[in-house]
Each structure stands twice: as structure tokens, then as C-alpha cells.
Amino acid sequence: MYKNPNLSPEERAKDLLSKMTLDEKFAQLHIYLRINEVYDELCETGSFEVRGGTFSTPKSQDTINKLQDYAINKTRLGIPMLFAYEAVHGFIHPKATAFPQCAGIGGSFDLEAFGQMADIIGREARSAGIRQVYAPNVDISREPRWGRVHENFGEDPYLAGEMGAVYVKNVQKHNVAATAKHFIAYGVPEGGINLAPAHIGEREIREVMLEPFQKCIDAGVMSVMPSYGEIDGEPVHGSVKYLQDILRKEMGFDGAIVSDYSAIDMMHYFHNVGEEKVDVGRLALKAGVDIEAPDIYGYNDDLKKEIENGEFDIKYLDAAVYNVLLLKFRLGLFEDPYTIPEDYENLYSEEAQKLCLRLDEESILLLENDGILPLDEKKVGKLALIGNNVKESFTGGYTCKTDHRVDLYDGIVSRLGEENVLYSLGCSSMHTTDKLIADAIETAKQADTVLLVLGDCSTLGGGVAGDAAAHRYDICGDEKVAKYVTCGEGYDVTELKLMPSQKRLFDAVIAVGKPTVLIVYGGRPFAIKDEVEKANAFMFCFGAGDQNGHAMANLIFGDKSPSAKLSMSFPQSVGHLPCYYNYKTSARGRFYKVHGSLENPGRDYVNTSPDPWYPFGYGLSYTKLNYSNLTAENLGDGKIKATVQVENVGDYDIFESVLLFVRTPKCPTTPFVRKLRKFKKVNIKKGEKVTVEFILGDEDFTYIDNDYKTQVLRGRHFLQVNDLECEIFNN
């Protein structure tokens with residue numbers, strides 16, 4: 001019956017479950033990580049022990065097909081394997097496409113282009129035999145010291161939800177399961193340290209953290225990955241409240257829950273909530289974690305014996321196995337399990353690289369400019385490229401170096417020619433030498449203009465793999481300095497400044513006195529106001545895609561105008577944290593309103609204001625836009641139409657992100673100062689005026705009541721676009 005494709009996935013999964021032995025059920029709950037060992041075993045002996053229903057870190061198409069063939073044709077029930085891998089900002093493969101990091105993509109506010117990006121990710125993953133990807137990351141990044149900020153779409157739940165839903169729909173068109181992660185509150189760890197507890201109340205969870213996951217669920221996401229962290233003393237991987245009561249029952253998720261790697265193990269030796277391995281296995285299975293990754297730990301033989309002996313209810317096991325089987329049936333694995341050689345050979349495409357260039361351009365931020373940019377390509381003379389991110393520019397976590405990557409150095413050289421480009425390393429991410437500094441000074445002296453390119457360093461493989469130095473080095477002549485990882489999973493910081501080696505290089509180059517553009521590649525916001533004030537312009541990139549070098553050149557030389565806006569606020573300092581824009585009305589010094597300075601001390605704070613350095617939604621361009629005529633009309637049935645006019649009175653065509661916020665003056669529970677509720681990316685040619693229209697519904701005017709239920713707030717609200725505001729009643 002389960003082999004009948006005319007039956008529903010639910011019917012087939014139920015039938016197959018009824019035919020399975022206890023060993024066969026347990027085999028579906030694990031992920032094989034060491035695929036090479038299993039493949040070698042199959043080649044040497046003609047078989048392998050099926051101890052998992054999923055493979056991760058795939059080797060090759062031939063490997064996938066041979067392992068799949070064995071599972072289907074040489075095991076009793078012929079249950080196909082599920083091959084899964086990472087695809088946060090592109091499917092990780094040398095022949096695939098590495099797009100810019102998600103924090104930059106969020107700042108593009110370009111749902112159309114991002115939808116095309118997700119479509120390419122799904123297609124490339126499927127071509128390589130991957131049927132599940134561990135993305136989208138829809139954590140809300142409210143802690144910039146955390147090393148995984150760049151993997152997410154920013155600090156706003158509406159933006160993250162819209163992006164996440166688009167990713168889900170477009171990846172899953174290719175029968176590749178998306179995995180929304182990390183449920184929940186992973187982006188607010190204590191002290192900014194990865195895996196640390198999230199100190200967050202239930203109302204804030206419901207007001208801020210659930211929205212992007214709900215949108216992914218509404219989009220049909222097939223799997224969810226819980227957070228490593230704990231909330232109020234309860235590890236999420238062992239929480240019936242969060243994974244069953246909220247995720248499944250309230251939010252309506254009916255897919256598979258896959259553990260984060262070693263997260264069940266961590267409940268035992270890290271969170272310390274179980275005496276034995278079997279204790280955390282019980283916790284996770286009862287909470288509803290269907291797949292344990294990456295090795296057998298809690299879902300072990302001891303747990304199997306407890307079920308055999310009737311000591312632990314088999315219903316929890318059956319529920320998990322059913323969800324895994326249902327996922328495989330929904331993906332069509334029983335009818336279409338293999339990869340196609342022709343697809344694999346065509347992984348790379350010009351179409352994907354063209355889109356990558358567009359998104360690289362739309363995700364690079366211009367944050368300061370005294371008029372030096374754009375540079376005149378014909379008059380720039382000698383251009384010096386100095387710094388640790390000129391070559392092998394920061395790409396962030398969960399990336400591999402593709403065969404077609406273009407770093408900033410290559411992009412600039414392709415425009416000016418090597419004879420007009422001077423290069424000096426100056427420093428690595430964390431180290432420098434007197435000789436490197438001296439070489440950088442001499443290089444700057446020979447140049448007409450300097451691009452000083454600093455910032456973070458990441459692991460090539462992504463994740464927590466390898467030591468911080470990763471046995472990699474920057475080499476300049478006979479000088480060799482280690483490349484230490486400064487940002488990524490498990491690489492968190494106490495400061496948001498330039499590393500001392502980079503600060504030393506910055507001061508030395510600035511002292512030369514040449515016109516200088518500061519370019520920072522960073523996986524998190526930086527707080528470097530003093531340095532930026534000494535430069536002529538400041539550009540920022542959250543993580544480079546394949547075409548970043550060409551994109552940087554296009555923006556620097558004025559082929560395109562920068563259009564990105566910040567998806568996450570930049571604080572003045574670590575002492576200004578938190579600094580996200582959608583705070584409650586009693587926060588950020590709204591009582592005394594006498595902000596101080598070192599010269600004129602005050603209150604909220606004594607020596608500074610609590611405002612961010614650069615707020616969410618901030619970003620400069622080369623043109624000038626005038627916003628006018630914001631109006632709102634109540635259409636009835638809970639619908640409101642808002643319109644605003646935007647005129648381009650500058651000299652550049654631009655793709656402008658128009659952001660609409662809602663401000664609610666009074667609410668039964670304390671309101672936010674404002675919330676992003678709509679956005680649109682519009683093309684406005686120079687001299688053109690466009691009218692942008694938004695339709696809002698009841699879902700845009702909600703609050704969480706005292707019983708933690710979502711309610712629509714009727715009455716008076718204000719809509720905000722840019723510096724405009726208008727009143728509306730949604731009675």
C-alpha cells in the first residue's frame with residue numbers, strides 16, 4: 001500500500017509505519033554524518049548497516065546514487081535515504097552559487113530578486129542530489145556581539161518572515177525541503193555568546209520571535225530546527241511547551257523537526273538536565289524532535305530497550321518515525337530518489353551569477369560619503385587597495401570558495417588594470433608586523449586614492465569547524481601572519497571595534513593624508529564612529545557573494561547607485577546595547593530626554609544619547625529622493641490603503657526600498673514605538689516621481705493581550721514612511 005503513489009503521503013506513511021520493526025523505526029531517527037566511511041564500507045563489503053534515515057555532508061553524485069540504490073533495493077522495506085546539507089545563502093558546493101550573506105540580503109528589501117535566489121538554491125541543491133537544506137535562518141538578530149548575526153535577515157520580525165516565506169516557497173518548488181531555524185529566540189543569547197540562555201519573556205517571544213516562523217509555516221515549510229539555547233531553564237530541544245504546544249498545536253506545523261548538530265548531546269553534558277544519555281533522549285523524543293543529528297546519542301539502544309520493555313511509551317517513537325516518513329513521501333523520494341548526471345554537470349549557470357551580481361550590488365551599504373564617491377574611473381589615477389579583506393574578502397559562515405568567486409581586488413583590477421592598482425596587505429584579521437605597516441604606508445604614499453579594506457575573517461567551511469586560526473595565513477612577500485577567525489558560529493566578541501592590528505593599520509594609513517574610502521566586511525554591526533569620521537566615505541558589506549568584486553567596482557565607480565539599507569541597527573558602542581529600533585515606549589531615554597555628552601553631561605545617558613549610530617533602514621545613495629503626500633484610506637473589511645509619492649531629483653536611477661511603519665500611541669499592553677509592516681522595492685529613474693501603494697490588514701495592527709493571545713487593536717494608529725506620518729483609524 002505504501003508504494004502506491006496514488007495514495008496521499010499521510011496514508012502511505014501510516015501504512016509503512018505499521019510494517020516496521022523497532023530497529024527499522026530507530027534507523028529513521030538518525031543522520032549519517034560520516035558518509036565517506038559508509039560509502040567505503042559499501043564498496044568493500046557490498047552492504048552497510050542502516051543506522052540512519054538521512055545523510056549529511058554529501059560526497060558526490062555517484063556516492064549518493066550508490067547509497068540510495070542500496071537503501072531502496074537491498075533493504076527489506078526499501079525506504080530511500082534523505083540527503084541534506086547547508087544552504088544559508090547558497091548551496092555549499094564549489095560549482096554552485098554563493099550569494100551575499102542574509103543580513104545584506106535583508107537590507108536589499110528585494111523579495112523578487114531573493115525569490116529568484118531561493119529558486120536557484122533549490123535547483124542547485126536538487127541537481128547535486130540534496131533533498132533537504134538547513135535554511136532559512138529566521139532568527140531575530142538583537143545581539144550584535146553574537147557571531148551568527150550575518151546568517152539572518154536582521155532585527156525585524158516582519159522582514160525576516162517575508163524573506164523566510166519566499167525562501168521556503170521557492171526552494172521547495174524543486175522537491176527540496178526547507179528547514180526554518182533556529183526555533184526559537186536563538187538571536188538574543190546572554191552576553192552575545194553562542195548557545196547561551198535567552199532571557200526573554202513569553203510576550204516578547206510571541207510579539208517578536210514567532211512571526212517569521214509562522215510565516216514559514218504558512219508557506220508550507222517541511223522541517224524546522226530548534227535552537228541550541230534554553231529559555232527560563234528549559235532547553236528548547238527538550239521542551240514540550242515550545243515544540244509541541246506552541247510550534248505544532250498553536251502554529252500548525254505538521255512537518256519534521258530535526259535537531260541541530262549535537263543539540264541532544266548538549267542537553268546531557270552542557271545544559272546538564274539528564275544523568276544519562278537516555279534521559280535526554282527521552283526528553284527530546286517526548287518534546288517531538290524527530291531526527292537526531294549528527295550521531296546516535298540520546299536515541300540509543302538504552303532508549304530502544306525502554307520502549308521494548310514498555311518503560312517508555314512507543315507512541316513518541318511512532319510519532320517521530322511517522323513525521324520522517326511523511327517528509328520523504330512529500331518529497332517524492334520513493335518515486336524519484338536518484339540524481340541525474342546531466343543536472344550535476346550543469347550546476348554552474350550564467351543566470352545565477354548575473355543574479356548574484358545584482359544582489360551583491362543591492363546588499364552593499366554606503367553609510368558615509370563626503371562626495372568622494374563615486375570615483376571617476378578615468379581620473380582616479382593610482383588606486384591603493386590596502387587591508388586584510390582586499391583578497392579573499394569576508395564571506396561569512398556556511399560558505400565554500402566557489403570556482404567563480406570574484407573578490408574586491410579582482411573586481412577593481414578588471415576595471416583599472418593591474419598597472420593602476422597598488423596592493424598592500426597591511427595586516428591579517430588580528431595580527432600585523434612593523435614591516436607590513438611600513439609597506440602599507442609606502443603604498444598609500446604612492447597612490448592618489450586609498451581603499452582601506454578591513455573587517456572580519458570567517459571559516460571557509462562555515463559552522464564551528466576547525467580552530468580559530470584554521471591553519472591559514474596571509475602572506476605578503478616574506479611576511480606571514482595567521483588568519484584568525486573573528487566571526488561565525490562560535491566566534492563571538494566583547495567589542496564591536498576594529499581589531500588592534502586593523503586599528504594600527506587604519507591610523508597609519510590615515511596619517512598619510514590621502515583621500516580614503518573605508519570599506520569594512522563584517523559579519524556583525526561595527527561601532528567605529530571615531531575611525532569613520534577620519535575617512536572620506538564608509539562602505540559596509542555583511543558578507544561577500546561570488547560577484548562582490550564586480551559589484552563593489554560598479555558602485556565605487558558609479559555604474560550603479562548604492563541602494564541597500566541596514567537590516568540591523570549599528571550601536572554607538574557596546575555600552576549602547578541593545579539598540580534595535582522596535583523597542584517599547586519606556587525604553588531608550590524617553591522620560592528625561594536630556595541626553596548628555598562629555599562636554600555637557602545630562603541624563604539618559606550622562607555622557608551620550610541612547611540613540612544608535614546608524615538606525616535600522618538607514619543607507620545612503622548617489623541620488624536625492626523627496627518623499628511626499630503620505631495618505632491612508634480605510635477600505636473596510638479590515639483593509640487600509642496607504643500611498644506615498646517618491647521623486648528622484650538627483651542624477652542617478654535607483655532601486656529604492658520604501659519602508660512603511662505602524663505607530664500605535666495607546667494599547668492595553670505596552671506598545672512598540674513603531675513596527676515595520678510593509679516594504680516595496682521600486683525602480684525610480686532620475687527626474688521621475690512614482691506613487692507607492694500598500695495594503696494593510698488586521699494582521700498589521702495586533703498586540704499580545706494579558707492572556708498571551710494575539711488580538712487586533714482597533715482605533716487610532718499612525719503610519720510612517722521616511723520622515724512622514726499620517727493618522728488612520730481601523731475601526
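Positions are given from 1 along the sequence.
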Would you say [Y] and [X] are linked by a side-chain donor-acceptor pair, where the criterion is simply a distance under 3.5 Å?
X	Y	result
Tyr2	Glu11	no
Tyr297	His268	yes
Asn152	Tyr186	no
Glu124	His93	no
Thr395	Gln101	no

Residues in side-chain hydrogen bond (donor to acceptor under 3.5 Å, both in side chains) with [X], at least two apart?
X	value
Asp302	none
Tyr242	none
Glu699	none
Arg145	Glu143

Quiz item: Should Tyr316 and Ile314 count as side-chain neighbours, where that means a heavy-atom distance under 4.5 Å?
Solution: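 Sidechains of Ile314 and Tyr316: no contact.
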Quiz item: Are any non-hydrogen side-chain atoms of Val133 and Tyr167 less than 4.5 angstrom apart?
Solution: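 Yes, at least one pair of side-chain atoms sits under 4.5 Å.
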Taking side chain to side chain contact (heavy atoms under 4.5 Å, CB included) as the criterion, tell me which of [options] meets it with [X].
X	options	value
Ser227	His182, His237, Met209	His182
Arg126	Asp336, Val171, Ile121, Ile340	Asp336
Pro226	Val258, Ile257, Leu247	Ile257
Arg248	Ile217, Asn323, Leu243, Val224	Asn323

Quiz item: So which of Arg330, Lys328, Arg12 actually passes salt bridge (charged side-chain N to carboxylate O under 4.0 Å, His left out) with Glu335?
Solution: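 Per the salt bridge (charged side-chain N to carboxylate O under 4.0 Å, His left out) rule, the option paired with Glu335 is Arg12, out of Arg330, Lys328, Arg12.
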Self-check item: Listed partners of Lys277 passing salt bridge (Lys or Arg N to Asp or Glu O under 4.0 Å), at least two apart
Solution: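 Testing Lys277 for salt bridge (Lys or Arg N to Asp or Glu O under 4.0 Å), a comparison that skips the adjacent residues, returns none.
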Quiz item: In chain order, what residues pass the salt bridge (Lys or Arg N to Asp or Glu O under 4.0 Å) check against Asp139, with sequence neighbours excluded?
Solution: none
[atom1] of [X]: more than 12 outside heavy atoms within 6.0 angstrom?
X	atom1	answer
Lys305	NZ	no
Asp218	CG	yes
Lys19	NZ	yes
Glu275	CD	no

Self-check item: Cation-pi check, Lys304 onto Phe26 ring (under 6.0 Å, within 45° of axis)
Solution: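 Ring-cation test returns yes.
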Quiz prompt | Within 45° cone and under 6.0 Å: Lys286 NZ/CZ vs Tyr299 ring | solution =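 No - Lys286 does not lie over the ring of Tyr299 by the 6.0 Å and 45° rule.
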Self-check item: Verdict with supporting geometry, Glu202 and Lys241, salt bridge (Lys or Arg N to Asp or Glu O under 4.0 Å)
Solution: CA-CA 11 Å; Glu202 184 167 347; Lys241 173 182 177 180; 3.4 Å; yes
Quiz prompt | Side-chain (Gln68) to main-chain (Met81) donor-acceptor, under 3.5 angstrom | solution = yes
Quiz item: Any chance the rings of Phe329 and Tyr322 have centres within less than 6.0 Å?
Solution: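 No, ring centres 6.0 Å or more apart.
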Exercise. Apply the test salt bridge (Lys or Arg N to Asp or Glu O under 4.0 Å) to residues Arg206 and Glu250: give CA-CA distance (whole Å), side-chain angles for both, the deciding distance (0.1 Å), then the verdict.
Key: CA-CA 11 Å; Arg206 292 177 178 275; Glu250 287 189 32; 2.9 Å; yes
